[in-house]
Amino acid sequence: MSPAPELKATLTLPQTAFPMKANLPQNEPLRLARWASLGLYQRLRKAAQGRPIYLLHDGPPYANGPIHLGHALNKGLKDFVVKSKTMAGFDAPYVPGYDCHGLPIEIKVDEQLGRKKLEMPAPAVLEACRAYAQKYIDLQTSQFERIGCLGRWETPYKTMSRDYEARTLEAFYGFLEKGFVYRGLKPVYWCIHDRTALAEAEVEYEMHTSPSVYVRYRLTSEPGAIHPALKGKQVSTIIWTTTPWTLPASMAVAFHPDFDYVALAVGDQIYIVAAELAASVAAACKFGLVSELARFKGSVMERATFQHPFLERSILGVMASYVTADTGTGAVHTAPSHGAEDFYTGQRYLLDSTCRVDASGRISVDPEAWTLAAPPAFDGMKVWAANPVIVAMMEERGALLAVSDLEHSYPHCWRCHHPVIFRATEQWFISLETQMEDPKGEKKTFRQKAIEEIDKVIWDPAWGKERITNMIATRPDWCISRQRIWGVPIAVFLCEGCQKPILDPALNRKIVKLFEEHGVEAWHTTETAALLPANAACAHCGGKAFRKETDILDVWFDSGVSWYAVCESDPDLKAVYAAFQKGDGREAPKCLYLEGGDQHRGWFHSSLLTSVALRGHAPYSHVVTAGFTLDEQGRAMSKSLGNVVDPLDIAKHMGGEIVRLWVASIDFREDMAASDNLMQRCAEIYKKLRNTFRFLLGNLNGFDPKRDRIAESDLLPLDRYMLARTRELNENILGWYERFEFHRVYHAVNEFAIVDLSSFYLDVLKDRMYTFAPTSKERRSAQTVLWQITEALVRLVAPILSFTADEVWEYLPAMEGREASVHLAQFPAPAEIFSSDPTDELVTWRQLLLSVRNRALLKIEALRKDKLVGKSLECNLNWLVPDHQKDVYESYLPSLAEAAIVSKVEIVYLPQEEIKERLLSAQIINTEKGASEMPSATLAMDLERQLANEDEARLAIWDVEAVIATGTKCNRCWRYTDGTSNYGIWQNVCTRCQDALKEMKINPPKEAAL
Ligand SMILES: [Zn+2]
Ligand SMILES: [Zn+2]
Ligand SMILES: [Zn+2]
């Protein structure tokens, strides 16, 4: 007769309304709305008042498009930091920011406005730029919120807000007034058609035909100093150029110090060219028969002098590592006013970098370099027209060795498509060599001071320190001016007479105030007369006429002063940041910058420079960098490769939680792989975690912590062990959050959920949870621990699984004083979980009970394989322990039966030597997963080792035998016992079950309801 179905109904199965299916795409927006109505962020701020401070200062993303996976990673990591710091008991405010000024937006607006822009007044163009940025600020804000990032999103900081713009200008005046700023020349791309400077991004490469010329530069210094074989000879070098119009600005010839150069004899003339290019030069110049007279390193050419091919000018031999041996002659004509590399070479050798080509491309000849009565024919010509004139003049003078046409890729203006030129223009610079005095009165350069301050910061990963140190050590002065409109104007008046700026702090304060009230537009709309005192005069030349500078600041300056414009100025942050600045920078309180590894060149760099200059120290105590997101093959994501993972698409179809879980799953310090496939894997892990929570909650049904909680000292041994294990996990996870090792949290939580809970504790507990009387002490012991595990776990995962943890929170047993959201709760202190050091508890279990259990499972598996048993409850165990240690193991018996899920465990005492023998002769048992048992010899060796140690001997493994259970199967709990009997019409019910039924006041029905 089969057991009555009613008997199954007497089991206490798990029960919870917590849904199995998450429906994240539908439910996450509802939870966001709940957080908004709770005012969660503001509540957190209030609750955190007076706690120790932790500031993560947000690096502003550029507001010109929807977010991509890199943004999601960046903000996800920051959210983990802010939430985990908050739950660890810190006051950790988070004010997100946006970078708004700059070229990418101005170009987009240019495209939208087209030619109309040129006729529009500046404020109208600025308004269009503002609107463009605001559109993407709103979009990105909604997208960051959608993936669960918590912060002050209703009022983020914006580099285009009036206040920020005023602070940026103020910071610039700080540099100016402290003497860091100078004006100097620098070559930039220049369109002579539009008469404007162009940024790198505004230049397009198109084909263009240029004259290709080989020109002789006659050596005027002593030839014998180069090589003895050249003594007394007619020596020249040859340069090659495709821009003859730059030759009037030629100041030097650059040689590579390490290349081999040769002196070629062509008739009575000697030419010096790079050895590797000698053949091609000889061919291009149709030299015919040549012979090599001498060979030497380029380094000997330094400071040699040459005669300019048509001007009265001495040309200097200089060294440059950018000289190549693939085209030209290895001797490079250098015009500092018309090339970036030439310019820096010019700075090193103090060459004249005056630009004699005006905004419309007209050349004027340096009068000092022209001694003839009439100026040369190219004087006043535009550069393109001057080319053939200069070529003809050189031919006439015998300086031209070859000329031809060359069609090549050449930079053109993106707007008018005319070829562009390089032209040195006046720019604003911050000098890295500015002298600074530290509080002790020691003098250092700005560069030295910045490098010193880098050393006081903690860089994670550590290589970041060397990287940024090298960058600061070798960088040129910071060119902070841009010839654009969308940005903060360099609001300075220049003397029309001497071009020097007015330095007047009172005037500067007045302009800052103007910006505060009206934004940067005020610089364009306010008349000079309205700002300058009536009789203002130039301090240098006494001039009375002034003009407004029209350049704007480099956007890296804008974002680089965010510590000033936001941390020091925002009402929510200034007290926090002041506390950080008062500390020594390393000890609490902390200020963290966390961005991609490319920011050593960008935001970390500009922020460091501005803060060191204006405050004397770095703006941060910690800098953490993340790698880049790549696809599974390690390739960058691109539309053309079709490997782009869109975080919003994932949020829409799988849930923002899956994006968050992916962020946590990877070691962000390395480059990180992402693909739909990997997201799918995260979704599967998510399902498992969710089911674990559901099972935990189901088993807490009917548990009232206040009423039912069992004191820690009264817990069953298995439950004590799990609590000790939970404390261990808790301690580890708190440490990992502290060190931003989120992937370790992710792996540990997964392992705990799958290995410790699903495959062990929750499985083992089924018998106790389902068959014992609901109010029995044994069941309450398990429930107490399940409850503590759930309360701990939900908090520990909350920074990562923010949506789900908050959902679980609502299904936890009601408690007085429970916070309205898990995010308002704190991480549990280890002692709240388990009062004592868990080591003893864990060691006993791991060395004794879990090892015996694992060994028992293998033996049971062998019986099952031979089809002798089905479920493990159909087995009993014989635990073989040494007879001289009687009574030591008795207390573990019930725990072992439960842990191995067998019907009964009996201890069999044997002489120690016999157990060792058995272990040595044990067969290796092949399970489905392969031979998973240790070889017997290893087991025996382990045993020897354990026996040798008095402490470990107490917990030596010993052996275990699985046998087929004897007795009768209880129809309710399926255990085999000797004591089953009929309970009313229910047949074969064990005494334990009968007691439970009585306790539950359940009497068997009179008749079976079939
Ligand atoms: Zn143009
Ligand atoms: Zn002046
Ligand atoms: Zn039973």
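For ligands, and for the atoms within them, numbers begin at 1 and follow the listed sequence.
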- Item | Check: H418 ring centre within less than 6.0 Å of W384 ring centre | no
SG (C990) to the Zn ion (ligand 3) to SG (C970), nearest 10°, is 110°
Pair W478 and F557, ring centroids less than 6.0 Å apart:
yes
Check: F422 ring centre within less than 6.0 Å of F343 ring centre:
no
Taking the Zn ion (ligand 1) as the apex, SG on C416 and SG on C413 give an angle, to 10°, of 110°
**Study point:** Heteroatom test (N, O or S) for C541 near the Zn ion (ligand 2), limit 2.8 Å
**Key:** yes
### Message
Between S781 and D719, is there a side-chain donor-acceptor contact under 3.5 Å, judged purely by atom types and distance?
### Response
yes
OD2 (D194) to the Zn ion (ligand 1) to SG (C191), nearest 10°, is 120°
ask   = Do W556 and Y62 have ring centroids that are under 6.0 Å from one another?
value = no
Q) Does H417 bring an N, O or S atom to within less than 2.8 Å of the Zn ion (ligand 1)? A) no
So the angle subtended at the Zn ion (ligand 2) by C538 atom SG and C495 atom SG, rounded to 10 degrees, is 110°
Note to self: At a threshold of 2.8 Å, where the distance has to be below it, does the Zn ion (ligand 1) have an N, O or S atom of H418 nearby?
What the structure shows: no
With rounding to 10 degrees, C973 SG, the Zn ion (ligand 3) and C993 SG define an angle of 110°
Yes or no on side chain to side chain donor-acceptor pair (under 3.5 Å) for W787 and D708, after CA distance, side-chain angles and deciding distance? CA-CA 11 Å; W787 172 67; D708 304 323; over 6 Å; no
